[in-house]
Structures are given as C-alpha cells and as structure tokens.
2 protein chains.
Amino acid sequence: MVLPASSPTTREQILTVARARFSDHGFAGTSLNDIADEVGIRRPSLLHHFPSKDALYREVLIDAFADWADLVEQATTGPREGWRQVEQVLRAAFTFFEEHPDFVRLARREALEGGPMLEGELTALLRPLFDRGAAFLQREMDAGRLRTYDTRQLLLTGYGAVLSYFSDAPLIGGLLDDEPMSPASLAVRREHVIDVLRSALEVN
Amino acid sequence: MVLPASSPTTREQILTVARARFSDHGFAGTSLNDIADEVGIRRPSLLHHFPSKDALYREVLIDAFADWADLVEQATTGPREGWRQVEQVLRAAFTFFEEHPDFVRLARREALEGGPMLEGELTALLRPLFDRGAAFLQREMDAGRLRTYDTRQLLLTGYGAVLSYFSDAPLIGGLLDDEPMSPASLAVRREHVIDVLRSALEVN
DNA sequence: TAACGCCTACGGACCGGTAGGTAGAAGTCG
DNA sequence: CGACTTCTACCTACCGGTCCGTAGGCGTTA
C-alpha cells in the first residue's frame, strides 16, 4: 500500500514528533505523554508502535544520523581538489544544519551524554565518515594543496566551529544583538567560518 | 567560626556533588535523592539547605559561571598585544577547561537548553566578557596587529573550537584512537587549536 | 474470522516537596 | 554552676503527581 505524502503513518508521525521533543528537551526531559499528546493519541497507543521509550529514542537517533551520513556521502563525492572541495563540504554541512536543527541538538546532547548508543552503533556509523574526511585532507596536504595540520584535529575544529553556532543558538542570541537563526545571521556565520578556515588552510 | 579546609560544610558538599551530577546527567536527569545519597544525607535534609531543586540548580550554575568570569578577568589583564595576548587567553581558557570539566558540560547543557536562567542572569554575566573580547580584537585589528574578521564571529569560532572538544569528549573518544582527556591528547588538541588560529590571525 | 489500531484502567516505581519530631550544640539567666 | 530556651541539622513518614509499561476490551477493516 502506497500512502500519499499528505498522510504519514501514525508511526512516522510519532518519529517526527519524538525527534523534535527529544532534541528540545533531551531523553530524560521528554515524557511519552508529551509525544503521544502532540500526535493525538494516548501513550499506550504509542507503545503499540514502539516497544519502549528507549527503543523509540534509538530509532529517532539512528534515523537522524543516517540523514547526516547521507549528506556527507553526497557532499564528498565529486572531482574537486584542495580548498574548493573543503568549501563545498562546509557549505553543504551548513545548509544541512540549517534545514535540520533537530539533528544538531540531538547530536550534541548525545555527544554530551556519551550514552550507551554512542559507544557502539553511532560511532560505528560516524567513524568511516571521519576517517574518510581525514584521509582526504591528508592527501591534499601531502600534495601541497592545503596547509599541513593534524587532519583529525582539523576535522574536530571545523565541526566544533560550525556545530556550536547551531547548538548554542539560544546562548548566542543573548550575546549577539541579532536573531542568530535568521537567514541573514546564518549567512554571516557561514561566510565567517569559511573565511577563517580558508585563511588557515590555503597555501598561497 | 572558621572551618578548616579539610571539613567542608554540608551545604558546600551538596553544591559540589550537585555540580557534578547536573553536569553529568542534566537537570531533568538528576534527582535530589542521587545528590543526597552521595552527600550521605536524606533528601529532606538537603531541602533544609536549599528551598527547591530549582534553587539548587541556579546556585550551582551561578557559582560555575562566576568561576569562569574570574578566569577571564584574570587572563585578559596584562599589557600584551596582538597574537601574543590572544594566545595567552587561549592557553588560560584551555587550562581552565581541563581543570573544570564540570563547567564545560554544565555550560553546554545550559546553552543547549536555553532555559530561563540563560535569558537573564547568565547572559548578563557573559555579555560584558564577550563585548570586552570583541573590543580588544577590534582594536588589534584596527592597529594592523591581527588579520581582520568580524570580531564577534571570531569569538564564537574560537569558543566553539575549544569548548566542543571538552564537551563532546565521549563522542571524540570514539572517533580518535586515544583517550581524549589524557594529558597527552589535551596537549595535542591545545597546540592544534592555537596553530590553526595563529595561521588565521597573524598578519605577516 | 483474524489482524490491527486505538482505547480505558491499572500497577509499581519514583519524583519533588511538606509535616512533624528528635538530638545536640549554643546561648540565657537565676 | 545549673536549668531552661532556642536554634540547627538531621531524621521518618507521608502527600499528590507523574513516570513507563501492561492487561484487556472494542470497533474497523481486510
């Protein structure tokens, strides 16, 4: 049975709402009633679709990280070299975070928690992406197209500089004068990060 | 009555334990029983010292951020100019985070949450530090001693690059092969961040 | 008829917080 | 000094509420 896009399954609705709630208030701060209420069903009905709160959270997390893996996969294919390729990935990542603010907060919470998911499936999913990124950077550095750094550290630096802006938007809103998630502010942020990293990475 | 340093007040013990618990598991993920048990008293006894869980959390948060404000105050005094002053602050911040991992996680959680504390007292405390940092950078850039960037964005970039490593240590441990919080790993991280930022900031 | 999706009702655990009592230290006063 | 009061820090017992999860029933649809 093919459902039209206009009528998502109850199960899909639960996943959508759960992702939003978990990303806003964390695992402990979200109750199954919160989720069920927003979907428009009772908690036992929700538990008809998912065996437990933990299982629901796991699925939310895996879905979210799979989305991210897809993007990285897609953004890292292409014949570009040196800084141009780095910039393409940065822009793609930035756009992804703009469009998936839930993912950012979810990932940050999980990184902070270091929960049981993290040491296992999640790192198994991220590790290849990380290693691939490091290998690419190493190749470009060896070829003299990028300035030389510790590649893994460099990945961590870029990831921190980009992700923190999104995950800490509430705090940053209090430090800047503008609304940090407005399109204008996001554009400023994007160009700044690219600018700084270009200065640090370009050879000439 | 002057208590010897070896016997902290019950109240102080509660604050110490609470800071650790809240930073590890967040506000919702920590129960007053957890804290009371570790101190070695019952929950009602804990509530004899603090009127509510919220009040305890507020005090933990304010104490932690006051520690941070003290460090920034101290690290930013001095006659240095240009990159040397930036590097001094970076090293001081890095050391502070090494010695206060609780603060990092607490701050990250609060930034993520955007709770009622954040929009108010916390930003009121951080805003002057942030503005002062931006003013310093602007002065140095105008004098030609640092490459020109948007100063506030630059502060956010540095903060994200440094803080993320500490707050996401569990995740990073799964991506790197070393123990991320070991002294050796921390030294590598510190020198890397300084290296990248120097490349981006130095003028010559 | 059988499966499915939802429901009401309930259980057992835990939550933050309150009421009220007790032991002991500290101060007060004849 | 000794008796009495006051205060502090802790306790046990309990409250109403919320948590996740289960049992079992009911209607619709295949």
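Convention: sequence-line order gives letters A, B, ...; per-chain numbering from 1.
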A:R19 and its salt bridge (Lys or Arg N to Asp or Glu O under 4.0 Å) partner, picked from A:D102, A:D24, A:D67: A:D67
Please state how far atom NE2 in A:H49 lies from atom P in D:dG21, giving the value in whole angstrom units. 16 Å
So B:W68 and B:F96, would you call those rings parallel, tilted or perpendicular, with 30° and 60° as cut-offs? tilted
B:T10 side-chain N/O to D:dC10 phosphate OP1/OP2 under 4.0 Å: yes
Expressed in angstrom and rounded to an integer, what is the separation of B:K53 atom NZ from C:dC14 atom C1'? 12 Å
With sugar-phosphate meaning primed atoms plus P, OP1 and OP2, does B:L32 contact a base, only sugar-phosphate, or nothing at under 4.0 Å between heavy atoms? sugar-phosphate
Could you state the atom-to-atom distance from CG of B:L46 to C1' of D:dC11 in whole Å? 14 Å
Check whether any side-chain N or O of B:N33 sits under 4.0 Å from OP1 or OP2 of C:dC15, and answer yes or no. yes
Proximity to the side chain of A:R43 - top-ranked nucleotide from D:dC20, C:dC6, C:dG17: D:dC20
Could you check how far CZ of B:R11 sits from P of D:dC10, rounded to whole Å? 12 Å
Without swapping roles, check the side chain of A:S185 against the backbone of A:M181 for a donor-acceptor pair under 3.5 Å. no
Mind checking if B:L47 touches a base, just sugar-phosphate, or nothing, with heavy atoms under 4.0 Å? base
Should the pair A:F94 and A:F166 be assigned to parallel (<30°), tilted (30 to 60°) or perpendicular (>60°) ring geometry? perpendicular
Using atom CD of A:E12 as one end and atom C1' of C:dG5 as the other, report the distance to the nearest whole Å. 15 Å
Report yes if a side-chain nitrogen or oxygen of A:S45 is closer than 4.0 Å to either non-bridging phosphate oxygen (OP1 or OP2) of C:dG5; otherwise report no. no
I'd like to know whether the aromatic ring centres of A:Y165 and A:F97 sit less than 6.0 Å apart in this structure. no
Calculate the interatomic distance between A:H48 atom NE2 and C:dC6 atom P; express it in whole Å. 7 Å
Separation of C:dC14 atom C1' from B:D37 atom CG, nearest Å, is 13 Å
Nearest-nucleotide pick for B:P44, side chain only, options being D:dA13, C:dT8, D:dG21: D:dA13
Atom CZ of B:R21 and atom P of C:dC15: how far apart are they, to the nearest Å? 14 Å
With heavy atoms under 4.0 Å as the rule, sort B:S31 into base, sugar-phosphate or nothing. sugar-phosphate
